[in-house]
Every structure is written in structure tokens, then in C-alpha cells.
Peer 1: 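Would you mind keeping the following structure in view while I ask a few things?
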Number of protein chains: 2
Amino acid sequence: MPPRRPIRRVLRAALDARPKRRVRLDNDERRAQLLTLARKAFSDRSYDEVSIDDLAREAKISKGLLYHYFPTKRDLYVAGLREIAEELVLTLTSVPRELPPAERVGRSLDAYLDFVTEHSRAYVSLLRGGIGSDPEVAGVITGVRKRLAESFLDGSPLQPMLAGKPGFETAVRGWLGFVEHASIDWLENARMPRDQLRDLLSKVLLAIMGVVAPQLLS
Amino acid sequence: MPPRRPIRRVLRAALDARPKRRVRLDNDERRAQLLTLARKAFSDRSYDEVSIDDLAREAKISKGLLYHYFPTKRDLYVAGLREIAEELVLTLTSVPRELPPAERVGRSLDAYLDFVTEHSRAYVSLLRGGIGSDPEVAGVITGVRKRLAESFLDGSPLQPMLAGKPGFETAVRGWLGFVEHASIDWLENARMPRDQLRDLLSKVLLAIMGVVAPQLLS
DNA sequence: GTCCTTATTGACTTGTGGTCAATAATGGCT
DNA sequence: AGCCATTATTGACCACAAGTCAATAAGGAC
């Protein structure tokens, strides 16, 4: 049974004076385009305020095509989140390891605050879990926290002394909690100049380390 | 599923010899019943894993009735969240104010950790924002944080000395961030006994206060 | 040109939040 | 008792957004 192409053809020809040009894009290009679009959308609006239909319309493609690249809405969201996470971690790890510990922490915090101010909205949804208890999203967040903690302390002369301590892990994660809360609070209403915040954060880290391993401070 | 009304009618009449008894409940009772049910559901599953239809079925009422009591799903969720928040704050504020600061903080932390261990799942969704960037939810969370911070420090002899400091507000909020992260981390894998965690938290608070106002520690 | 691959479409299904007019308990009043 | 106003309760319905899929056409290889 031959397809009913002719009918379609006729209809098509009748309705569209000039047929809509299908722009074919390379696989990677399309994917990249969609990702940037999605990142923007998810930064501006909340997860469920962003509809796939809107996104597809913005990208001037059909919804089906979007699903060809990202099998679910979450996948799209998570892919964007991963990119942001990667950028953040990259910024932090780019601080030279050879610096003396104190300056290294200071520089790292500077990088961190740079990122925070620049990507404020994305940062909040990154570390505040823009989606409700999705395991994959949670995974990304835990991952970035872990890597951040490492990046702050790894290679520092403090680390070998602290690594064994039972409270060490907890202390570092807790301090990251401090940093996150303080940063978000600072984003919403800057109570102090940026440098002062950075100093506060770094001094608090030192103080906390002092609690975990008092002999270090002397 | 397409509607097959006539069939339904006949079937119904045939199957139910006695019509289903409509149980009429007092307004407040129903509301309370639904709230407890919802709280349980939202603690066990994530926000969008909980469907209103399921909830109504569990409560043995129609979906319409549920919407009579709570105009939207979010309202229901937020109502439950508010209850939990209230309980948490209540637990904290029940610590006697007359105690010496150090012991007061210790007791408050005990109460906090009690709550955390008992309502672990609810606690996480309370402070990690079980819903993505809903303003009302965010409001509840900010509110509970604010009240927690107050409850930890209000009436303490430290407060008047600190209130003016620019970094004070930030430091307290940051410390709460520390507490939250450490608690959640501890819930997931208890790296130390509970008492040790409590001591760590309280010592860190002291250390942080020392950073903000060095003269206090002497 | 012919064939093959695959990017692309659009109509369709499904699931779920939300609405609303109709209905049946209930309690008060006479 | 009977009537009436109130309101808890229902179930059919709508809207909209996520996700599916067979069909189509652009582009390259030969």
C-alpha cells in the first residue's frame, strides 16, 4: 500500500505559498544551542515555570526534536546544572596550589565570590536545589560540594594534620554551609563590602580549624 | 480513558445495593486529618511524587473536597511545612532563658538535634526547600531561620554587645548554615557520637563569635 | 540521479492540577 | 414531625504540559 504522499503534497502546496525551510543543524551545535537556551531559561524562571513548549518555540524547533536531544525535561535541567557546577569548580581549582595556605584560601574565596556575584541566580538554584529532592540533582550538588571542599583544602599543609580527626570532614562541610548561607544572605542584602565578607569567611575557617585541632593555632 | 457514562450508571446501580454512606466530618477535623495525611505523604515521597488524587484516595474522599479545604496543592504543602516549622521553633524556644549562655546554647542544640533525628526526612525538606524556588516556601524557610537565630541568641548577654557589629547578622546566619549542613551530613553518615557533634557545634559558635568580636573571648 | 542516514516534524497520548454545578447530610426553627 | 438554609461532599469536566512515535525531508555518499 503506497503512502498517501500526494495528498499531503497537495495540501502542503496549497497552504504554504513557500514551504517552511527546515534548517538542519549539526548534532553538537543543536545540543549546545539548546543547552545555553535552557540555562538562561532556568536561571530566569523556576523549574516548572519553564515549559518545554516555550523552550522549543524559543529555539524555533519542534518539541519532538528537543526530546530527541534530551530525553526528559530533567535531563535538560541537569545537563545545564552540570555545566554550571563544572564552571564553578573549574574557577576554584584554577587557583595555584603553590601559594601559602592563607593566601590560597583568600584567592579561592575571591574566585568563589566572583562566581557568586556573576551567576547569582544560577548559583542559588545550584546550591539550593532548584528541584525538589531529585536524586540526580542532589548528586550534582553533593558532588560540587565535595569538590569544593577538596579544592579549598587539598594540598594545604593543614590537611595531613587534620585528615585523621573525626570532626574534620564535618567541620569542612559545615564551613561550606557557612559560606553558602553567608553568600546568599550577602547577595540579597549586602551588609558589608565584599572584601570584608571575604575576610570574615576566611577568618571563620581558621577559627573552625582551631576548634577541630586546637594545637594548630598555638 | 474515554468517558463511558451510561455504563457507569447501570453498573453502579447494579453493584451497590446500598448506596455509599457519605461520612460528613466537622470542618476542623477534616482539615486536621488531611494535614496529617499530607505531612506523612510529603515526608515519604517528594513533592511531585505525591499526587492529589492519591492523597484523596488515601483519605477516602473526593479530590474536589480536598480542594475545598486547600485551594491548591502548594497550599497544602505549605500548611504542612508551617506546622513542622512551628514545632521546630517551639522546641527551641522552650529552652529556659534564665540559663547561663553556654548551657543555654547546649540545651538548644540538644533540642535541635532531637528534632532533627526524629523528623529527619521532614527536616531535610524543611530546610533544603522541598520545592523549587516557591516564594511562599522560601518565606517559611527564611522565617524559621530568623526565629531560630533569635532563639539561639536572644536574651543572651552577648547580644547587646554584638547587635551593632556589621558582621553579626551574617555570622549568626552563617553559623546556622554550619549547623544545618553538619546536621544533614551527620544524619546521612554519623561520623561521631551525637554529644560530640553538639559540642563541636557549640564550640564553633563560640569561635565564630570570637571572630566577629575578638574582645569577647579575651 | 538513487540510496541511506538522521535531523526534524506534528499529531497524539497520558497524567495531573484545578474548576464547578449538583447533591445530600446536618442542624435549627416552627 | 416537617421544612429550610447551610455546607460538606461528589464526580464529571477542563486545561495544560510532559512525553511518544510514525512519517517526512535534508544532506551526503556512491
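Below, each value reflects all heavy atoms present in this structure, side chains not excepted, and no hydrogens, waters or symmetry copies. Chain identifiers are assigned alphabetically (A, B, ...) following the order of the sequence lines, protein sequences preceding nucleic acid strands; residue numbering begins at 1 within each chain.
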Peer 1: Side chain of A/I61 only, please: which of C/dT9, C/dT19, C/dT8 is the nearest?
Peer 2: C/dT9
Peer 1: By nearest atom, which of the nucleotides D/dA8, C/dG17, D/dG19 is closest to the A/T72 side chain?
Peer 2: D/dG19
Peer 1: Rounded to the nearest angstrom, tell me the gap between atom CD1 in B/I52 and atom P in C/dT19.
Peer 2: 11 Å
Peer 1: With heavy atoms under 4.0 Å as the rule, sort B/L65 into base, sugar-phosphate or nothing.
Peer 2: base
Peer 1: What's B/F70 touching, base or sugar-phosphate or nothing? Going by heavy atoms closer than 4.0 Å.
Peer 2: nothing
Peer 1: Would one find a side-chain N or O of A/H68 under 4.0 angstrom from OP1 or OP2 of C/dA7?
Peer 2: yes
Peer 1: For B/Y69 and D/dT9, is the shortest distance between a side-chain N/O and OP1 or OP2 below 4.0 Å?
Peer 2: yes
Peer 1: Which residue lies toward the 5' end of DNA chain D, A/G64 or A/S51, if each is placed at its nearest nucleotide?
Peer 2: A/S51
Peer 1: So, under a plain 3.5 Å distance rule, would you say the side chain of A/K63 forms a donor-acceptor pair with the base of D/dA18?
Peer 2: yes
Peer 1: In this structure, are over 12 heavy atoms from other groups packed under 6.0 Å from A/E58 atom CD?
Peer 2: yes
Peer 1: Output yes when B/E136 and B/R74 qualify as a salt bridge under the 4.0 Å nitrogen-oxygen rule, no when they do not.
Peer 2: no
Peer 1: Hey, is the side chain of B/R74 poking within less than 4.0 Å of OP1 or OP2 on C/dG17, counting only N and O atoms?
Peer 2: no
Peer 1: Distance check needed: C/dG18 P versus B/Y77 OH, whole Å only.
Peer 2: 15 Å
Peer 1: Just checking B/D26: base, sugar-phosphate only, or nothing, at a heavy-atom cut-off of under 4.0 Å?
Peer 2: nothing
Peer 1: From the set D/dA26, D/dA18, D/dA8, return the single nucleotide nearest to any side-chain atom of A/K73.
Peer 2: D/dA18
